[in-house]
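After the structure tokens below, expect a handful of questions from me.
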Amino acid sequence: MSSRSEVLEEFFISLQEAMWRILSRSWESVELRDLRRIAAADVAYRGDLALAVAICWDLERGEPVEEKWLACEALYPYVPGLLFLREAPPMLRAVKLLEHEWSLLLVNGHGLLHPRRMGLAVILGLVLGKPALGVAKSLLVGVEGPGEDWGPVEVSGEILGYWFKTRSGGKFYVSPGYLLTVDQVPELVRILGSRYPEPLAYADKLSKRLARSLSP
DNA sequence: GCGACAG
DNA sequence: ATCTTGTCGC
């Protein structure tokens, strides 16, 4: 795995800022009608090996209809705000391996809830040109607004996503990745079962299981 | 300057 | 994220 580079990180931060300057001019969104099949992506690690998983999930059947995975070298260390350097490349390839059609990609990581509005889910959705939703287990930026089972998360007074209570007392955070607006988030989470999205939970377990089955 | 910080 | 068994508790 390559070591951190101040010059490279500075450049990609500038790139994120430039991308947002352009995207924010006309943030597009689509109506998600046909949500029968959705994709989910996650990455697990075993030493310096990255194990990326992409699955296609049938929402009506409540089970996966396709599973693809890919192993490669971990490309870059984890740096808050630059997670895409580490996970987007293998995730993208894994998703591209899917042969089924899907209409929404669930990503393990933030979307707009990012210091520069350019979380992993935004990058992946942008590259794929398809709707994407960011789902994270902890907050990178933002403050939680009031709510019983769910509520808004805002950054400098602007709502960029929502927090949701898990049935086990925890929380998870959801924000638009691409081709979605913030106000579509609560409805989407409801459609996904009002709980931590099963497809992501499944992809998470699968990636970890595969990673641990690899040679140390 | 100090702390916070997706996975 | 990952290294890791049993254990406390609903």
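Just so you know, these numbers come straight off a predicted model, no measurement behind them. Hydrogens, waters and symmetry mates play no part in the numbers below; they use all other heavy atoms, side chains included.
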Which pairs of donor and acceptor atoms, one on a side chain in residues 121-128 of chain A, lie under 3.5 Å apart (sequence neighbours left out)?
none

Can you list, pair by pair, the side-chain donor-acceptor contacts under 3.5 Å of residues 176-184 of chain A, counting residues two or more places apart and other chains?
residue, atom, partner, partner atom, Å
A:Thr181, OG1, A:Asp183, OD2, 3.3
A:Thr181, OG1, A:Gln184, OE1, 3.2
A:Gln184, OE1, A:Thr181, N, 2.8
A:Gln184, NE2, A:Val30, O, 3.0

Margin query: Among residues at least two apart in sequence or on other chains, which ones pass side chain to side chain contact (heavy atoms under 4.5 Å, CB included) with A:Asp58?
Written below: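 Checked A:Asp58 against side chain to side chain contact (heavy atoms under 4.5 Å, CB included); matches are A:Glu60, A:Arg61, A:Val65.
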Next item on the list: Between protein and nucleotides 4-10 of chain C, map the contacts as a letter string: B base, S sugar-phosphate only, - none, heavy atoms under 4.0 Å, written 5' to 3'.
Entry: -------
Check: Any donor and acceptor pair, going by atom type alone, linking the side chain of A:Ser175 with main-chain N or O of A:Gly161 inside 3.5 Å?
Finding: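 No: the side chain of A:Ser175 does not pair with the backbone of A:Gly161.
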Next item on the list: Treat a base pair as Watson-Crick or G-U wobble with both distances under 3.5 Å, then lay out DNA chain B in dot-bracket form, 5' to 3', with | for cross-strand pairs.
Entry: .......
Item checked: Step-by-step ring pair (Phe, Tyr, Trp, His ring centres under 6.0 Å) determination, A:Phe12 to A:Phe84 -> CA-CA 10 Å; A:Phe12 277 112; A:Phe84 82 100; 5.7 Å; yes
Notebook entry, point to check: What do you reckon, is CH2 of A:Trp163 surrounded by more than 12 foreign heavy atoms closer than 6.0 Å?
Noted result: yes
Compile the donor-acceptor pairs under 3.5 Å between side chains in residues 190-201 of chain A and protein atoms, sequence neighbours left out, one pair per line.
residue, atom, partner, partner atom, Å
A:Arg190, NE, A:Glu187, OE1, 3.1
A:Arg190, NH2, A:Glu187, OE2, 3.1
A:Tyr196, OH, A:Lys137, NZ, 3.4

Notebook entry, point to check: Which residues pass the side chain to side chain contact (heavy atoms under 4.5 Å, CB included) test with A:Arg21, sequence neighbours left out?
Noted result: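 For A:Arg21 the side chain to side chain contact (heavy atoms under 4.5 Å, CB included) partners, ignoring immediate neighbours, are A:Glu17, A:Ala18.
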Next item on the list: Could you check how far OH of A:Tyr76 sits from C1' of C:dA1, rounded to whole Å?
Entry: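 Checked: the OH to C1' distance equals 17 Å.
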Notebook entry, point to check: Stem ranges for DNA chain C, with three or more consecutive Watson-Crick or G-U pairs under 3.5 Å?
Noted result: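 Runs of three or more consecutive pairs: none qualify.
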Check: Between A:Met91 (CE) and C:dA1 (P), how many Å, whole number?
Finding: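 Checked: the CE to P distance equals 11 Å.
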Checklist line | Which residues share a side chain to side chain contact (heavy atoms under 4.5 Å, CB included) with A:Glu154, sequence neighbours left out | finding: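 Result, side chain to side chain contact (heavy atoms under 4.5 Å, CB included) vs A:Glu154: A:Val143, A:Ile159.
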Notebook entry, point to check: Going by atom types only, do A:Glu144 and A:Tyr162 share a side-chain donor-acceptor pair under 3.5 Å?
Noted result: no
Item checked: Annotated protein contacts, base or backbone, on nucleotides 1-7 of chain B with a non-hydrogen cut-off under 4.0 Å, one of B, S, - each -> ----BBB
Checklist line | A:Arg116 side-chain N/O to A:Gln16 backbone N/O, donor-acceptor pair under 3.5 Å | finding: no
Considering only distance and modelled atom types, tabulate donor-acceptor pairs under 3.5 Å from the side chains of residues 93-105 of chain A, sequence neighbours left out.
residue, atom, partner, partner atom, Å
A:Glu99, OE2, A:Lys68, NZ, 3.3
A:His100, ND1, A:Glu66, OE1, 2.5
A:Ser103, OG, A:Asp34, O, 2.7
A:Ser103, OG, A:Arg37, O, 3.4

Item checked: Euclidean distance, atom CE of residue A:Met1 to atom C1' of C:dT2 [Å, nearest integer] -> 12 Å
Checklist line | For A:Leu83, all residues meeting side chain to side chain contact (heavy atoms under 4.5 Å, CB included), sequence neighbours excluded | finding: A:Tyr78, A:Glu87, A:Leu120
